[in-house]
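Reviewing the structure listed below.
We name chains A, B, ... by the order of the sequence lines, and we start the count at 1 in each one.
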Amino acid sequence: MPELPEVEVTRRSFAGRISGARIQAARLGKPLRWPLGCPCEDLTGRTVAGVRRRGKYLLIDLKPSGVLLLHLGMSGSVLFDQGLPPPGRHDHFDLVTTQGTLRLHDPRRFGAVVYAQDEGAEPARKLLSGLGVEPLGGQFEAQAFHRALKDKKAAIKQVLLAGQVVVGVGNIYACEALFMAGIRPTLRAYRLSRPRADRLHAAICQVLEQALAQGGSTLRDFSNAMGQAGHFQLAAQVYDRAGQPCRRCQAPIRRIVQQQRSSYFCPDCQRP
DNA sequence: CTATGGACCTGAATGC
DNA sequence: TGCATTCAGGTCCATA
């Protein structure tokens with residue numbers, strides 16, 4: 001479910017409300033992708049200093065020390081509120097604080113909650129190192145983007161999903177950005193000309209900013225930590241539209257599989 | 001080093 | 001209705 005805009009929407013929906021709260025208890029449900037990395041009891045008594053985001057990870061900074069990395073995987077979502085009902089079968093982490101309970105709901109359990117001393121310490125370092133530049137907030141530059149693509153032999157779609165060049169672009173937004181830029185997902189990254197790389201750079205920024213402004217996509221079941229749904233589905237140009245007419249030229253949208261993931265594109269608007 | 005495929009897990013939608 | 005198959009927003013890891 002969650003790509004960068006959804007994760008950022010989630011962060012904004014509870015960061016302010018949880019900051020300054022004192023942790024009273026933590027509890028785990030079924031195993032997530034990785035073990036927490038510390039006993040739940042070790043968290044009690046600490047204070048939440050703030051919530052940051054890096055790629056698709058949420059970083060919950062603790063005082064006097066420690067950080068919780070939270071990843072939503074494919075099906076995760078977060079709730080933060082007071083007086084939450086008892087955990088259900090897909091609620092796998094609760095952080096009970098003086099200002100409310102943070103709850104990770106994740107049916108497929110590809111998500112994770114991981115504790116580290118700080119973001120440079122294991123296991124956080126390993127998860128965060130190797131992540132590319134943040135696409136929003138001014139660090140993402142067209143020239144550097146083009147240069148980075150130059151030594152990637154893989155298809156551009158795969159390079160975007162890998163997150164080593166730029167983070168946060170998942171399957172939906174990769175498809176949408178490539179459509180906006182008029183680029184076939186199968187085109188090898190190093191073959192992008194500077195003008196096409198520039199277009200893709202702009203498209204990535206635009207599609208992510210737009211989704212963020214609209215509160216995150218909701219192709220299936222996304223909602224933020226206050227239970228509100230997003231609206232991106234209204235704007236999808238190609239994702240999940242196989243066989244339907246391109247909104248720009250009417251040609252049927254095609255679906256192909258790359259790296260065992262679906263790619264959608266318009267054969268006329270997007271050129272190899 | 002790259003490229004590929006499998007792994008993790010559950011639920012919804014589709015097909016016979 | 002029941003049962004099997006396919007697909008889903010992610011990403012790590014083993015293998016060649």
Side-chain angles (χ1 to χ4, degrees), chain A residues 1-10 28-35 37 53-58 69-78 88-93 104-114 122-132 148-178 185-186 188-190 204 207-208 211-212 214-224 229-243 255-264:
Chain A
M1 137 208 305
E3 300 182 32
L4 185 147
E6 292 74 29
V7 177
E8 178 61 18
V9 165
T10 297
L28 287 164
K30 288 194 201 171
L32 292 160
R33 176 151 194 181
W34 296 292
R53 180 189 54 74
R54 177 75 177 99
K56 297 170 189 166
Y57 287 93
L58 291 173
L69 298 208
L70 207 145
H71 198 288
L72 303 181
M74 288 278 259
S75 58
S77 59
V78 159
R89 59 195 247 99
H90 297 309
D91 298 327
H92 303 302
F93 180 73
L104 176 64
H105 175 87
D106 186 3
R108 292 177 72 181
R109 290 190 280 129
F110 291 172
V113 185
V114 172
E122 300 303 346
R125 191 205 58 82
K126 182 163 188 162
L127 297 174
L128 299 176
S129 72
L131 293 186
L149 296 183
K150 274 277 165 249
D151 39 69
K152 298 288 182 184
K153 211 176 141 200
I156 182 62
K157 167 83 182 312
Q158 282 149 29
V159 170
L160 293 180
L161 290 187
Q164 293 170 349
V165 173
V166 56
V167 293
V169 183
N171 206 31
I172 299 177
Y173 299 120
C175 291
E176 295 297 312
L178 287 166
T186 48
R188 305 222 174 206
Y190 70 89
I204 290 168
V207 75
L208 295 179
L212 187 54
Q214 294 182 356
S217 91
T218 179
L219 282 174
R220 300 232 192 296
D221 52 9
F222 175 73
S223 63
N224 65 26
H231 307 287
F232 184 78
Q233 58 185 343
L234 302 176
Q237 300 294 304
V238 290
Y239 183 82
D240 205 21
R241 297 195 64 239
R255 171 183 178 269
I256 61 173
V257 175
Q258 296 176 278
Q259 299 279 143
Q260 306 166 157
R261 320 255 349 238
S262 294
S263 292
Y264 300 87

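You won't find any donor-acceptor pair under 3.5 Å spanning the side chain of A:Glu3 and the base of C:dG10, going by distance alone. A donor-acceptor contact under 3.5 angstrom links the side-chain atoms of A:Arg108 to the base of B:dC9.
Scanning residues 158-166 of chain A for heavy-atom distances under 4.0 Å to DNA chain B yields an empty list.
For the pair A:Ser262 and C:dA8, the criterion of a side-chain N or O lying under 4.0 Å from OP1 or OP2 is met. Considering only side-chain N and O atoms, A:Lys30 lies nowhere under 4.0 angstrom from the phosphate OP1 or OP2 of B:dC9. For C:dC12, neither phosphate oxygen OP1 nor OP2 lies less than 4.0 angstrom from any side-chain nitrogen or oxygen of A:His71. Listed pair A:Lys153 / B:dT2 fails the phosphate criterion, with no side-chain N or O lying under 4.0 Å from OP1 or OP2.
Remark: side-chain polar atoms of A:Asp91 are not paired, donor with acceptor, to backbone N or O of A:Gly29 under 3.5 angstrom. Formation of a donor-acceptor pair under 3.5 Å by the A:Glu3 side chain with backbone atoms of A:Ile172 is found in this model. The main-chain N or O of A:Pro185 is found under 3.5 Å from a side-chain atom of A:Gln258 such that the two form a donor-acceptor pair. Side chain of A:Arg33 to main chain of A:Phe110: no donor-acceptor pair is present (N/O by atom type, distance under 3.5 Å, no hydrogens or angles). The backbone N or O of A:Val238 sits less than 3.5 Å from a side-chain atom of A:Glu176, completing a donor-acceptor pair. When atom types are taken as modelled, the side chain of A:His90 and the backbone of A:His105 share no donor-acceptor pair closer than 3.5 angstrom.
Here C:dC7 presents its P atom at 12 Å from OH of A:Tyr239, a figure rounded to the nearest Å. When the C1' atom of B:dA7 is taken as reference, atom CD of A:Gln259 falls 15 Å away, rounded to whole Å. The NE2 atom of A:His105 sits 11 Å away from the C1' atom of B:dT10 (whole-angstrom rounding). Between A:Trp34 atom CH2 and B:dC9 atom P there is a gap of 14 Å when expressed in whole angstrom units. Protein atom CG of A:Asp106 is 11 Å distant from nucleotide atom C1' of C:dG10, rounded to whole Å. Distance CZ (A:Arg261) to P (C:dT11): 8 Å, rounded to an integer number of Å. Note: CD (A:Gln258) to P (C:dA8) measures 13 Å, nearest angstrom. The nearest whole Å value for the distance from the CG atom in A:Asp91 to the P atom in B:dT10 is 14 Å.
Residues A:His71 and A:Pro2 form no side-chain contact, since every pair of their non-hydrogen atoms from C-beta on lies 4.5 Å or further apart. With contacts defined as side-chain heavy-atom distances shorter than 4.5 Å, the pair A:Arg109/A:Lys30 qualifies. Annotation: side chain of A:Gln259 is not in contact with side chain of A:Leu161 (no heavy-atom distance under 4.5 Å). Between A:Val169 and A:Leu4, the closest side-chain pair of non-hydrogen atoms is not below 4.5 Å.
In this structure, the aromatic ring of A:Phe110 is positioned over the six-membered ring of the base of B:dC8, centres within 5.5 Å and planes within 30°.
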Next item on the list: Map every base of DNA chain B to its dot-bracket character, where paired means a Watson-Crick or G-U wobble contact with both distances under 3.5 Å and | marks a partner outside the strand.
Entry: .|||||||.|||||||

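Every residue meeting the salt bridge (charged side-chain N to carboxylate O under 4.0 Å, His left out) condition with A:Arg54, not counting sequence neighbours, appears here in chain and number order: A:Glu134.
A:Tyr264 comes within contact range of the sugar-phosphate backbone alone, with a heavy-atom separation under 4.0 Å but no base atom that close. Heavy atoms of A:Arg33 sit under 4.0 angstrom from at least one base atom. Using a 4.0 Å heavy-atom criterion, one finds that A:Lys126 contacts the sugar-phosphate atoms exclusively.
Both A:Lys152 and A:Gln260 lie close to DNA chain B; mapped to their nearest nucleotides by heavy-atom distance, the more 5′-ward contact belongs to A:Lys152. Toward the 5' end of DNA chain B, the nearer of the two residues A:Arg89 and A:Asp151, judged by each one's closest nucleotide, is A:Asp151.
Closest to the side chain of A:Met74, from the set B:dG11, C:dC7, C:dG10, is C:dG10. Closest to the side chain of A:Asn171, out of C:dA8, C:dG10, B:dG11, is C:dG10.
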